[in-house]
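Working notes, beginning with the structure itself.
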Amino acid sequence: MSENVEKIECLIIGSGPAGYTAAIYAARADMKPVLYEGMQPGGQLTITTDVENYPGYPDGIMGPEMMDNFKKQAVRLGTDVRFGMITKVDFSKGAPHKVWVDDKHEIEAESVIISTGASAKWLGIESETRLNGSGVSACAVCDGFFYRGLDVAIVGAGDTAAEEATYLSKICNKVYMLIRRDEMRASKAMQHRVENTANIEVLFNTETDEILGDMEVEGVRVHNNITNEKKEIPLKGFFVAIGHTPNTAIFKDIIDMDDQGYIITKPDTAKTNVEGVFACGDAQDRIYRQAVTAAGTGCMAALDAERYLSAKGHA
Ligand code: NDP
């Protein structure tokens, strides 16, 4: 087994804005980064349509195209981008850290940058998948603007749903909040904000049966789980805000995480509790979750890794 071990100076796990930005900085610092793309090459932006809030694109850009540009830039500067999943890690003995690709290929990496992102949770109904990107979205800040002056709904009752409902209320004509229980989970302050917003209508005990529309969202069919009353609400946008899952399962019990699995980084750095292992992007950010903030922390991770390698006499 050991004769096949590949030695890498800087291994980057994940291919969203955080991973590619880390790669761009690492490549320019001559750290010879190798980036594994993971299960969803390009990350969450590849399932969105127009991106209008990433600075530098005055006319907006399609999510997949933007991620293709990130990749091209990383490759042009010398990143070795590979298709594959990191399936196991062993950070117990210090650097070089052991990592396995697709359970087979073994790597020893002097530094590791985790940029595995997070995945939005979905309701799991057929119409939600079919209309994803055609009116169904898991990011109001990204896509709310496309529903200016229109009616939309948002599912969820946590801080994200409440925050996104108030965000949408400023852009849209009317926002329905679809809440499955008879109360919200969101903080009292957020609940008050929702209650005090005239164009948000909260529907408690309400569950989604189907999102209506063939090519794009035209409405939603819901039912009240107490009275069983069904109704159809015409609308153009359907937002899902029922939480995210950080893609950090393989680091459990190895890297310090919060109770939801978000990696904990040391304040003002991308350093984790394991020396030589850095984290950036949505895998360590439960609050902002934007492409531009992910890219920013990707830059931090590469700079921290460069300093770490230099101090060890590697780069
Ligand atoms: P949460 O896990 O807090 O809330 C998820 C919500 O989605 C819950 O209300 C839950 O309902 C609902 N839900 C889950 N599954 C379904 C389903 N299948 N159908 C309908 N509803 C469903 O996630 P958030 O993303 O809101 O927040 C994550 C964390 O981030 C929290 O700790 C939050 O406080 C924090 N946060 C903080 C912010 C801030 O401080 N500004 C902003 C945003 C998030 P139920 O209540 O019935 O379980």
Side-chain angles (χ1 to χ4, degrees), residues 44 47-48 53 117-132 136-144 152-170 175-197 200-212 217 219-231 233 235 237-249 256-265 267 279 281-294 297:
Q44 292 182 79
I47 55 162
T48 62
N53 55 6
S119 305
K121 291 183 190 162
W122 296 98
L123 297 173
I125 52 179
E126 182 276 330
S127 46
E128 173 190 56
T129 315
R130 183 168 46 80
L131 293 166
N132 203 317
V136 173
S137 164
C139 181
V141 178
C142 318
D143 298 328
V152 299
I154 183 159
V155 184
D159 281 319
T160 301
E163 201 168 83
E164 297 202 341
T166 45
Y167 177 85
L168 289 167
S169 72
K170 294 178 193 138
V175 181
Y176 295 93
M177 245 185 120
L178 311 179
I179 295 178
R180 65 181 174 181
R181 287 188 295 134
D182 60 357
E183 61 176 3
M184 276 193 219
R185 182 192 288 265
S187 62
K188 286 280 175 271
M190 284 309 301
Q191 291 190 35
H192 289 147
R193 212 182 293 174
V194 167
E195 284 158 14
N196 292 327
T197 305
I200 300 179
E201 183 176 340
V202 179
L203 302 177
F204 287 107
N205 294 115
T206 299
E207 293 181 37
T208 303
D209 296 328
E210 196 184 349
I211 305 159
L212 307 170
V217 170
V220 63
R221 184 164 56 243
V222 295
H223 76 272
N224 182 300
N225 56 26
I226 305 286
T227 63
N228 219 17
E229 183 200 347
K230 289 184 189 296
K231 71 172 165 186
I233 308 170
L235 39 86
F238 185 87
F239 292 87
V240 180
I242 61 172
H244 281 77
T245 310
N247 303 320
T248 57
D256 285 351
M257 299 175 188
D258 68 13
D259 56 354
Q260 289 175 46
Y262 287 93
I263 292 173
I264 296 169
T265 48
D282 286 13
Q284 55 83 58
D285 171 18
R286 63 197 252 174
I287 305 290
Y288 300 103
R289 298 195 292 250
Q290 300 301 300
V292 68
T293 49
T297 55

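Note: hydrogens, waters and symmetry copies are ignored here, and every other heavy atom, side chains too, is used. Atoms within each ligand, like the ligands themselves, are counted from 1 in listed order.
Between the Thr206 side chain and the Phe204 main chain, a donor and an acceptor come within less than 3.5 Å of each other. Panel note: side chain Ser127, backbone Glu210; no donor-acceptor pair is recorded below 3.5 Å.
Atoms of ligand 1 found under 4.0 Å from any heavy atom of Leu123, numbered from 1 in the order shown, are 17 (C), 18 (N), 19 (N). Within ligand 1, the atoms closer than 4.0 Å to a non-hydrogen atom of Thr160 are 24 (P), 25 (O), 26 (O), 27 (O), 43 (C), 44 (C), numbered from 1 in the order shown. Residue Ala157 has at least one heavy-atom neighbour below 4.0 Å for each of these atoms of ligand 1: 6 (C), 9 (O). Listed by number with element, the atoms of ligand 1 under 4.0 angstrom from any heavy atom of Val155 are 20 (C). The atoms of ligand 1 that sit less than 4.0 Å from any heavy atom of Arg181 are 45 (P), 46 (O), 47 (O). In summary, the atoms of ligand 1 found under 4.0 Å from a heavy atom of Gly158, numbered by their order in the structure, are 4 (O), 6 (C), 9 (O), 26 (O).
The protein atom (non-hydrogen) at minimum distance from atom 3 (O) of ligand 1 is Arg185 CD, 3.5 Å. Scanning the protein heavy atoms around atom 34 (O) of ligand 1, the nearest turns out to be Asp159 OD2, 2.6 Å. When only non-hydrogen protein atoms are considered, atom 22 (C) of ligand 1 lies nearest to Ile242 CG2, 3.4 Å.
Not a single heavy atom of Met184 sits closer than 4.0 Å to an atom of ligand 1.
The shortest distance between side-chain heavy atoms of Met184 and Met190 does not fall below 4.5 Å.
Applying the salt bridge (charged side-chain N to carboxylate O under 4.0 Å, His left out) test to every pair with at least one member in residues 118-127, sequence neighbours left out, gives these pairs: Glu126-Arg130.
Heavy atoms of Met190 found under 4.0 angstrom from ligand 1: none, in either backbone or side chain.
Checking atom 45 (P) of ligand 1 against the protein gives a heavy-atom contact under 4.0 Å.
Residue-to-ligand polar distances keep Arg289 apart from ligand 1: every N/O pair is separated by 3.5 Å or more. The shortest N/O to N/O separation between Arg180 and ligand 1 falls below 3.5 Å.
No hydrogens or angles considered: a donor-acceptor pair under 3.5 Å links the side chains of Asn205 and Asn225.
Under the salt bridge (Lys or Arg N to Asp or Glu O under 4.0 Å) criterion, Glu195 pairs with no residue, sequence neighbours left out.
Scanning all heavy atoms of the two residues, the minimum distance from Ala138 to Trp122 falls at CB-CH2, 3.5 Å.
Remark: Gln284 CD to Thr297 OG1 distance equals 5.0 Å, nearest 0.5 Å.
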